[in-house]
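Below: one structure, written as structure tokens.
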Amino acid sequence: MAFIYITEYAEQARDTKGHLLPAGLEPAITDQRVGNAGASAQSAALNERTKFVMIHADSICSIKFGLNPTAVVTAHRMGAGETRYYGVNIASLKVAAVLNT
């Protein structure tokens with residue numbers, strides 16, 4: 001089975017001059033793993049303190065953020081082995097994933 005890996009952060013890391021870096025400030029709040037098969041699958045709701053997430057896909061997939069999201073293969077495609085970072089500002093968001101080609 002293919003998966004996406006979600007790491008949740010309360011804030012982004014900063015360099016020594018205070019500039020934001022495209023990385024979460026460790027320690028992370030939590031990690032999730034969501035199977036992305038032939039049908040869209042949702043994560044658990046993100047922690048209310050989560051403001052920044054790192055998502056890694058181990059296979060080609062499409063993802064969708066929302067309160068009750070459904071991922072579709074025509075949108076938000078991620079490549080196999082790709083890692084992306086996203087800011088989030090709505091409590092209880094979920095991430096859905098589905099296999100893509």
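In this structure the side chain of Ile55 reaches within 4.5 angstrom of the side chain of Ile6, judged on heavy atoms.
The OG1 atom of Thr70 sits 10.5 Å away from the NZ atom of Lys94 when rounded to the nearest 0.5 Å. One finds the CD1 atom of Ile4 at 11.0 Å from the OG atom of Ser62 (value rounded to the nearest 0.5 Å). Atom NZ in Lys51 sits 10.5 Å away from atom CG in Leu46 (nearest 0.5 Å). Put simply, OG on Ser59 and CD on Glu82 are 11.5 Å apart, with the number rounded to the nearest 0.5 Å. Rounding to the nearest 0.5 Å gives a distance of 13.0 Å between CE of Met54 and CD of Gln12. A distance of 11.5 Å separates OG1 of Thr83 from OH of Tyr5, quoted to the nearest 0.5 Å.
Gly38 approaches Leu99 most closely through the heavy-atom pair N-CD1, 4.4 Å. Listed here is the closest heavy atom pair of Ala45 and Ser92: CB-O, 3.8 Å. Taking all atoms of both residues into account, the shortest heavy-atom contact from Ala96 to Ser40 is CB-OG, 3.5 Å.
For Glu26 and Tyr9, the side-chain atoms include at least one donor-acceptor pair closer than 3.5 Å.
At least one donor-acceptor pair closer than 3.5 Å links the side chain of Arg77 to the backbone N or O of Thr101. A donor-acceptor contact shorter than 3.5 Å is absent between the side chain of Gln32 and the backbone of Thr7. Remark: the backbone N or O of Val34 is not paired with any side-chain donor or acceptor of Ser43 at under 3.5 angstrom.
When ring centroids are compared, His76 and Tyr86 come within the 6.0 Å threshold.
Phe65 and Val98 end up in different hydrophobic clusters when Ile, Leu, Val, Met, Phe, Trp and Tyr side chains are linked at under 4.5 Å.
Within 6.0 Å of CD in Glu48 there are 12 or fewer heavy atoms belonging to other residues, nucleotides or ligands. The environment of Lys64 atom NZ is sparse: at most 12 non-hydrogen atoms of other residues, nucleotides or ligands sit within 6.0 angstrom.
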Intermediate values then yes/no, side chain to side chain contact (heavy atoms under 4.5 Å, CB included), Val53 and Arg84: CA-CA 8 Å; Val53 295; Arg84 290 189 191 168; over 6 Å; no
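Taking the centre and axis of the six-membered ring of Phe3, the NZ or CZ atom of Arg33 falls inside the cone set by 45° and 6.0 Å.
Looking at Ile63, Val72, Ile60 one by one, the single match for side chain to side chain contact (heavy atoms under 4.5 Å, CB included) with Asn100 turns out to be Ile60.
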